[in-house]
Amino acid sequence: MARLFRESRRDSSHSSSSNGFLPPAAAAASSSSALPSPFPDLGVPLSAADLREAAYEVLVAASRTTGGKPLTYIPQSSAAAAAPASPASSASSASSASLQRSLTSAAASKMKKALGLRSSASSKGVGSPGSGGKAAGPPRRPATVGELMRVQMRVSEPADARIRRGLLRIAASQLGRRAESMVLPLEFLQQFKASDFPDPQEYEAWRSRNLKLLEAGLLLHPLVPLNKSDGSAQRLRQIIRGAYDRPLETGKNSESMQSLRTSVMSLAGRSHDGTSDGCHWADGFPLNLHLYQMLVEACFDNDEGTVVDEIDEVMELLKKTWVILGINEMLHNLCFTWALFNHFVMSGQVDIELLCAAENQLAEVAKDAKTTKDPNYCKVLSSTLSSIMGWTEKRLLAYHETFNTSNIESMQGIVSIGVSAARVLVEDISHEYRRRRKEETDVARSRVETYIRSSLRTAFAQRMEEADSKRSSRNPTPVLSILAKDIGDLAIKEKNLYSPILKTWHPLASGVAVATLHSCYGNELKQFVAGLTELTPDTVQVLKSADKLEKDLVNIAVEDSVDSDDGGKSLIREMPPYEAENAIANLVKVWVKERVDRLKGWVDRNLKQETWNPGANRENFAPSSVEMLRVIGETLDAFFELPIPMHPALLPDLTSGLDRSLQLYVSKAKSGCGTRNSFMPQLPPLTRCEVGSKLLFKKKEKPQNLQVRVSQNGTANGNDPLGLPQLCVRLNTLQYVRGELENLEKKIKTCLRNVESAQADITDGLDIKFELCQAACQEGIQQICETTAYKVTFYDLGHVLWDTLYVGDTATNRVEVLLRELDPVLETISGMVHNKVRNRAITALMKATFDGFLLVLLAGGPLRAFTRQDSQVIEDDFRALRDLYLADGDGLPEELVDKASSQVKNVLPLFRADSESLIERFKRMMVESNRSASKNRLPLPPTTGHWSPNEPNTVLRVLCYRSDETATKFLKKTYNLPKKI
């Protein structure tokens, strides 16, 4: 229909006299274009002006034949001049047909009330529209409905006079004949000739219009379809074509006109039931709709586009044309709905009253659609509603672009009309819908959900572009962080502005909206996360923004679906978590792994270069340990500086990695030291003494010392990494690391209290322990203490134990030499070792020297022999050795010394016992421990190293070193032991 309206405005702008129509006063002021006509094209070049004049002719003819009195028309100018001078004339007009009804007030209209329209606040002045403010007098309104219709349809007074004159002539020649029994174009061709028009061009346009109307109404769109063999149709087609080549002579009863009348009346007289009670020339589809739509347009004020106050009277006139045009209530409702909606669009979508009226009228159309399946009606219904729905959906599918706070009031009506149109199209026209159960489809909810999702996706794409343009050197915020804030704002706007309207048709409007936004942002976030390789401030900012956005969106969805059937579960399922925290956690874990791996590499490199030099610092611990703890402290600082919201949750990963690194350092620090077994000597074979010999070995014979197993790292130079000072440094280093663990734990708790994500009581009950390192330090300190003690005893002082102590004459080579050698060792340990492990180191040395002393007595080799009288010397020497560690009360606690010396004290009484009792003791223990043994046949007891007076091997060894005949004969007889190795 837009084409028709545009043509009418274009035609009227050329000349008001050339076609008989007035120019539209508001054409230039129209704020928005009309919608395209939903009716099928006629296939004949009839302009909007042509159709409008033809529709006006039908209106005047229908009003004349139903009025009951002769039609007398008084032009506006004449009526205005004659009104004061001839009151009888006015009275005559008031009593004439309804077309002449007087318009004296703007009383409330029943139809306007029904449509939800308000009447004008005050009566308008009388005068013709379009006269403008330059007129000398005030604006004047038409005095009658007929005058109003003429003005509304933009028919000039001369053209109106000609139409009425023609109808009077027809009435005079065909008295009593009704308008529906006439073919008006034919009758007007019969009545008028060229001299009845001001100029030949207007006459030619008029004649051409009437011929086109006949062609459209009888040949192209007849009420009853034509047969191909219909002769009247072929003759009429030839006549019309010939008229274009040779003008048809009108205005007289010529042969050509008679031929035209015969063909026209033959075609117009056909009907569906075979009766010929009227003429059917304007009631074929869609010509009748095009003509009727021109009449409906008269219901709208030419200046303002609003429904005229006289709508009730105008509608009465329009109904008179129904019989001629083949219009019924359903077609009228459809045409009027279209006109209301179209004028709302042309108003620039600001006339909300028109929108409400269209909405109310559409409700009538929806009722009509359920009562008929007429194919022509369904066809025009489908095209009309499709056009309406197309316009509404173009705006609703992107309603964020269409509506804002200034025009939001129109959204309710537009959604309502769009949804109603869709419901009619689906429920009353769609064959697919009829084949399915109706309860399976909620058209309104489905359409509104489509609007929400489409508009939110469009709005999201726009926000995405805007966010990208906002990022600059002045605003380095990551795009997705900007976008997250914008989407959060958009969700709030959606919830507050649009969702209250859309909830009328979709109870979960807000939920659907935020679910759509969640999905859109989630797609962008997924691509972002997939490309991440490291943790950066921008990365964390984006993920934190995403996490906040998700929580806001989910909260809106939950609030919106509290009263839904499933409590919002379906919506929540539609919003799979972003897992932004997991993404951050994974990146932090990568960061932690990189730092821990770097630290482990540092440990490997630096410990290879560590010399354990005691002069490196005053505290006598390795510089590498200080550096390592510094690196660990920096790593912790860097971790707590990460702008992440879950430090407490990820802290165990970091502390575990640091714990393993510290454990590695401790393990490597002690790994090159060996163990106590590395320095324990291998015991020599058992021998018996050679009684009576004062010289146990010749001067040229080198003593057979015990063979000591020494670690390959042991060297004799001053840079020996296993020298006593170096071992003390290692011991101090482990103690330093162990002591610093507590400081690390305190540092972590302090940092936890200060981070943004921490709770007030975050450290309460938090157990931060470097358990692996603690255990490694404990074990390492013990190992190094023992290693140091046994190395000093069996390696560094081995020459004293094996080459001197009790070698040859027991009374001559006593323990004083060993004590002199131990003094500087004790001074070194006391001066270098940290006070918290000093006693442990000295205790380990004490135990090692006690073991060495006992080993000399029980496994010193054939160079040593003891008599019963030597037992006192041995006991005195051991007492002196004990006193060394007691240091007159300044040394180790006496209880500790007593505990360590208990083994030696238990064994020493064996050296005081006589050989016979020792032999009997030995035999008894062997028989008790070995069922197959007898006193005459004893197996050699195994060496366990657990020296005890109740252990057979210990007693046997005392006999081996007993310098008397009884012992040596027993050993010779029982085991055939040699006298020397």
Side-chain angles (χ1 to χ4, degrees), residues 612-615 620 673 676 679-681 705-706 708 710 714-720 722-732 735 781 784-807 810-857 860 873-901 903-905 908:
W612 310 103
N613 180 9
N620 291 318
C673 300
R676 56 181 287 178
F679 300 96
M680 284 293 289
N705 294 341
L706 296 182
V708 179
V710 183
T715 60
N717 55 44
N719 294 324
D720 181 5
L722 294 182
L724 179 58
Q726 284 75 14
L727 288 171
C728 290
V729 170
R730 288 178 190 258
L731 194 58
N732 286 341
Q735 174 57 34
I781 289 172
I784 294 177
C785 284
E786 291 181 351
T787 299
T788 302
Y790 280 81
K791 177 181 178 294
V792 168
T793 301
F794 296 104
Y795 187 77
D796 295 345
L797 302 182
H799 63 286
V800 176
L801 282 177
W802 313 129
D803 296 347
T804 305
L805 186 61
Y806 302 142
V807 171
T810 301
T812 304
N813 297 313
R814 295 182 66 175
V815 79
E816 286 79 3
V817 179
L818 178 61
L819 297 180
R820 285 196 299 269
E821 294 290 339
L822 283 173
D823 271 337
V825 173
L826 289 171
E827 289 179 4
T828 300
I829 293 175
S830 299
M832 289 188 63
V833 176
H834 193 281
N835 58 2
K836 288 190 177 182
V837 290
R838 184 181 302 141
N839 279 1
R840 291 184 64 179
I842 295 176
T843 300
L845 179 61
M846 175 182 67
K847 291 180 179 179
T849 54
F850 288 176
D851 286 348
F853 182 81
L854 196 54
L855 202 59
V856 167
L857 298 179
V873 173
I874 295 172
E875 290 176 5
D876 291 342
D877 283 353
F878 182 67
R879 189 177 298 109
L881 186 59
R882 287 180 73 252
D883 291 343
L884 175 68
Y885 294 104
L886 289 172
D888 296 329
D890 294 331
L892 297 175
E894 187 171 359
E895 297 81 6
L896 186 61
V897 176
D898 287 342
K899 183 178 179 180
S901 61
Q903 186 181 34
V904 181
K905 287 180 178 181
L908 288 183

- Task: Would you give the length of the straight line joining atom CH2 of Trp612 to atom CG of Leu727, rounded to the nearest 0.5 angstrom?
- Result: 10.5 Å
- Item | Qualifying salt bridge (charged side-chain N to carboxylate O under 4.0 Å, His left out) pairs with a residue from residues 817-841, counting only residues at least two apart or across chains | none
Under 3.5 Å, which donor-acceptor pairs link side chains of residues 843-852 to any protein atom two or more places apart or in another chain?
unit_1: Thr843; atom_1: OG1; unit_2: Asn839; atom_2: O; d: 2.6
unit_1: Thr849; atom_1: OG1; unit_2: Leu845; atom_2: O; d: 3.1
unit_1: Thr849; atom_1: OG1; unit_2: Met846; atom_2: O; d: 2.8
unit_1: Thr849; atom_1: OG1; unit_2: Tyr885; atom_2: OH; d: 2.9
unit_1: Asp851; atom_1: OD2; unit_2: Tyr790; atom_2: OH; d: 2.5

- Item | Residues forming a side-chain hydrogen bond (donor to acceptor under 3.5 Å, both in side chains) with Asp796, sequence neighbours excluded | Lys791
- Query: What's the spacing between Phe679 CZ and Tyr795 OH if we round to 0.5 Å?
  - Reply: 8.0 Å
- Item | Atom pair CG/CG of Asp877 and Leu818 - distance to nearest 0.5 Å | 9.5 Å
- When Leu731 is tested against each of Val837, Thr788, Thr787, Ile829 for side-chain contact (heavy atoms from CB on, under 4.5 Å), which residue passes? Val837
- Query: Which heavy-atom pair separates Thr793 from Leu801 by the least distance, and what is that distance?
  - Reply: O-CD1, 3.4 Å
- Query: What distance do Arg814 atom CZ and Ile874 atom CD1 have between them, rounded to the nearest 0.5 Å?
  - Reply: 9.5 Å
- Query: Between Leu797 and Leu822, what is the shortest heavy-atom contact and its length?
  - Reply: CD1-CD2, 3.4 Å
- Note on the structure: Sorted by chain and residue number, the side-chain hydrogen bond (donor to acceptor under 3.5 Å, both in side chains) partners of Thr804 (sequence neighbours excluded) come out as none
- Would you please name every residue forming a side chain to side chain contact (heavy atoms under 4.5 Å, CB included) with Ala880, sequence neighbours left out? Val815, Leu819
- Message: I'd like to check Asn732 versus Val833 (side-chain heavy atoms, cut-off strictly below 4.5 Å). Are they in contact?
- Response: yes
- Criterion side chain to side chain contact (heavy atoms under 4.5 Å, CB included) on Leu826 and Ile842, from CA distance to verdict: CA-CA 7 Å; Leu826 289 171; Ile842 295 176; 4.0 Å; yes
- Query: What pairs meet the salt bridge (charged side-chain N to carboxylate O under 4.0 Å, His left out) rule with one or both residues in residues 879-895, with sequence neighbours excluded?
  - Reply: Asp876-Arg879, Arg882-Asp898
- Message: Among residues at least two apart in sequence or on other chains, which ones pass side chain to side chain contact (heavy atoms under 4.5 Å, CB included) with Pro614?
- Response: Asn620, Pro725, Gln726, Val729, Met832
